[in-house]
**Q** 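I'd like to ask some things about the structure below.
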Amino acid sequence: MSNPTSVSKAAVDPGELVRDPYGGYGRLREEGPVHRITGTDGLPAWLVTRYDDVRQALADPRLSLDKRHATPGGYRGLALPPALDANLLNMDPPDHTRIRRMVSKVFTPRRVEALRVPIRQTADRLLDALSGQDEIDLIPSYAAPLPIIVICDLLGVSQARRADFRAWTDALVAPDPARPERAREAVGHLLSFFTRLIADKRAHPADDLLSALIAVRDQEDRLDEDELMSLAFLILVAGYENTVHLIGNAVATLLAHPEQLAALRADPGLLDRAIEELARYDGPVPLAIRRFPTEDIVIGGVTVPAGETVLLSLAAAHRDPRRFPDPDRLDIGRDAGGHLALGHGIHYCLGAPLARMETGIALTALFDRFPGLSLAVPPHELRPRPSMRSRGLLALPVRPAGRRERTTAPAAAG
């Protein structure tokens with residue numbers, strides 16, 4: 001067993017990890033299972049890179065998400081005001097258990113399944129608007145608006161506020177290093193937005209998820225106001241951001257691997273497996289949210305002291321040949337079960353069924369409508385968003401090269 005002083009300090013180039021997280025994190029993975037690194041904010045952290053260690057750490061109750069367990073002066077992640085910070089990504093049991101159970105009462109499989117036809121109808125409307133164009137950027141025209149419409153409909157956000165919400169979320173989750181004030185401004189806008197939204201839903205409840213959460217909270221009085229607002233914030237942001245990147249990355253990956261796209265088109269029954277493999281191959285989250293040991297803990301033979309920051313590299317774990325043979329090869333027929341793109345353990349993503357459904361429908365509708373779709377630039381020229389915490393594209397230029405008319409009654413997909 002190693003002790004902290006015997007662990008070499010790994011050289012981490014943030015630019016490399018944005019451009020090529022699989023190469024950058026993969027190099028560290030093969031050098032060792034755990035590394036002492038300096039984060040982008042100049043603060044130290046421990047980086048875990050191998051699949052077995054990452055998976056075990058995701059479910060280890062000694063690795064807390066509660067920032068109160070952090071060593072003073074260490075890396076703590078995104079800073080939010082208390083009214084947005086009291087969410088499931090910063091909580092441990094029993095508070096995490098209490099709130100997750102409450103959400104599960106209203107965010108049911110039936111509510112998710114009821115969205116299937118509306119999602120396909122929304123996808124078709126978005127594709128209708130792209131008809132006749134020689135070149136399309138699929139991020140602002142399809143991959144981004146589809147999830148924002150779905151999650152805003154789910155929570156009951158008016159159409160007039162969706163463009164603002166998208167701009168604020170983008171500024172927060174992928175801040176411009178040259179304009180750091182935009183992220184702070186976005187936090188203020190989001191706080192005001194959710195304050196007004198909750199007040200409106202409390203005064204005028206409707207058949208939406210947020211109204212249902214408010215009703216549960218007000219009847220049982222088991223959520224304080226910060227927890228309620230933070231929960232709405234988390235559902236809206238996570239339901240939008242991660243699904244945008246999951247869809248965008250999936251489309252780009254399939255277009256860069258035409259033989260895999262052809263196999264999927266030849267056998268639509270491969271769709272479920274394809275979604276899991278696409279999430280493994282180029283998922284939306286390279287790093288799990290930071291964790292803090294509540295006691296000295298051994299990870300990969302390395303002792304990590306209590307309170308220090310632990311970062312779990314999903315990008316490295318998903319390309320670990322010890323778990324996934326020939327991991328740098330896309331294979332939509334692969335059994336990619338066990339990938340960690342949607343979490344593991346008690347923090348497994350509550351919205352995973354919705355994200356899978358949206359992605360399946362988005363892919364099916366897109367490739368049905370534009371069977372000759374191709375990238376407008378070589379794959380290596382696609383530009384990632386400047387973020388280490390999310391993996392997505394700034395733009396996805398494509399050429400439709402012919403289209404099919406949609407039917408009036410969209411078929412179920414995904």
Side-chain angles (χ1 to χ4, degrees), residues 14 18 39-43 45 65-68 70 72-91 95-96 99 103 144 147-148 151-152 154-158 160-202 209-210 213-214 217 223-245 284-292 309 311 347 351 385-392 394:
V18 170
T40 55
D41 57 2
L43 297 174
L65 293 183
D66 190 334
K67 287 180 278 190
R68 290 176 295 183
Y75 174 85
R76 296 165 69 88
L78 185 65
L80 293 169
L84 300 179
D85 208 37
N87 64 64
L88 292 170
L89 297 184
N90 293 320
M91 286 183 177
D95 287 335
H96 178 274
I99 294 177
V103 177
I148 197 66
I151 203 69
C152 286
L154 181 66
L155 284 177
V157 177
S158 69
R161 303 310 306 272
R162 294 174 185 180
D164 286 339
F165 169 74
R166 179 178 167 191
W168 299 332
T169 303
D170 287 344
L172 181 62
V173 301
D176 182 351
R179 300 289 301 275
E181 73 279 1
R182 289 188 175 180
R184 294 191 295 269
E185 292 168 357
V187 169
H189 287 307
L190 285 165
L191 184 58
S192 298
F193 171 78
F194 284 109
T195 300
R196 293 192 300 269
L197 180 63
I198 289 172
D200 179 66
K201 293 297 177 183
R202 184 168 277 131
L209 182 62
L210 184 53
L213 287 170
I214 291 169
R217 185 264 184 207
L223 281 176
D224 65 34
E225 202 68 10
D226 282 355
E227 289 173 340
L228 177 62
M229 190 176 301
S230 295
L231 182 58
F233 166 75
L234 177 62
I235 292 172
L236 210 52
V237 171
Y240 161 64
E241 181 199 9
N242 289 344
T243 310
V244 172
H245 301 330
V285 184
L287 287 172
I289 191 169
R290 77 288 173 274
R291 284 159 163 79
F292 311 104
T309 301
L311 300 175
H347 296 288
R385 290 165 62 96
S387 173
M388 286 181 61
R389 68 169 298 276
S390 62
R391 169 75 172 167
L394 287 170

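We're numbering straight along the sequence, starting at 1. Because the structure is a prediction, the values reported are computed rather than measured.
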**Q** L234 and side chain to side chain contact (heavy atoms under 4.5 Å, CB included): which single residue from I99, L84, L89, N90 fits?
**A**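 Passing option: L89.
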**Q** Identify the residue among F165, W168, F233 that makes a ring-ring contact (aromatic ring centres under 6.0 Å, His included) with H189.
**A**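 Between H189 and the candidates, ring-ring contact (aromatic ring centres under 6.0 Å, His included) is satisfied uniquely by W168.
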**Q** Going through the checks in order, is the side-chain contact (heavy atoms from CB on, under 4.5 Å) test met by H96 and L65?
**A** CA-CA 10 Å; H96 178 274; L65 293 183; 5.8 Å; no
**Q** Between T243 and P284, is any pair of side-chain heavy atoms under 4.5 Å apart?
**A**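 The answer is no; the side chains never approach within 4.5 Å.
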**Q** Is there side-chain contact between R291 and I289, with at least one heavy-atom pair below 4.5 Å?
**A**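 A side-chain contact under 4.5 Å exists here.
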**Q** I need the R391 CZ to L287 CG distance, nearest 0.5 Å.
**A**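 One gets 12.0 Å once the value is rounded to the nearest 0.5 Å.
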**Q** Taking the side chain as every heavy atom from C-beta outward, state whether R202 and L228 have any atom pair closer than 4.5 Å.
**A**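 SC-SC contact between R202 and L228 confirmed.
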**Q** Could you point out which residue of I235, L88, N87, D224 forms a side chain to side chain contact (heavy atoms under 4.5 Å, CB included) with S230?
**A**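 Only match with S230 under side chain to side chain contact (heavy atoms under 4.5 Å, CB included): N87.
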**Q** For the residue pair A144 and V244, what are the closest heavy atoms and their distance?
**A**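 Looks like CA-CG2, 3.7 Å.
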**Q** Which pair of non-hydrogen atoms, one from H245 and one from G392, has the smallest distance, and what is that distance?
**A**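 Taking every non-hydrogen atom into account, ND1-CA, 3.5 Å.
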**Q** Return the minimal non-hydrogen interatomic distance between V18 and S387, and the atom names on each side.
**A**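 The answer is CG2-O, 3.7 Å.
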**Q** Show the nearest heavy-atom pair for residues F292 and D66, with the distance to one decimal.
**A**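 Smallest interatomic distance, heavy atoms only, reads CD1-O, 3.5 Å.
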**Q** Side-chain donor-acceptor contacts of residues 194-201 below 3.5 Å, not counting sequence neighbours, with atom names and distances?
**A**
residue: T195; atom: OG1; partner: L191; partner atom: O; Å: 2.8
residue: K201; atom: NZ; partner: G156; partner atom: O; Å: 2.8
residue: K201; atom: NZ; partner: D208; partner atom: OD2; Å: 3.0

**Q** Would you call Y240 and R162 a side-chain contact if the rule is heavy atoms closer than 4.5 Å?
**A**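 No; the side chains remain at least 4.5 Å from each other.
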**Q** Tell me whether E241 is salt-bridged to R385, with the criterion being a basic N under 4.0 Å from an acidic carboxylate O.
**A**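 No, this pair does not count.
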**Q** Measure the spacing between CG of L236 and CG of L154 and express it to the nearest 0.5 Å.
**A**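 Here the rounded value is 9.5 Å.
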**Q** Output yes when a side-chain donor or acceptor of S390 lies under 3.5 Å from a complementary backbone atom of V285, and no otherwise.
**A**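 No, because the side chain of S390 does not come within donor-acceptor range (under 3.5 Å) of the backbone of V285.
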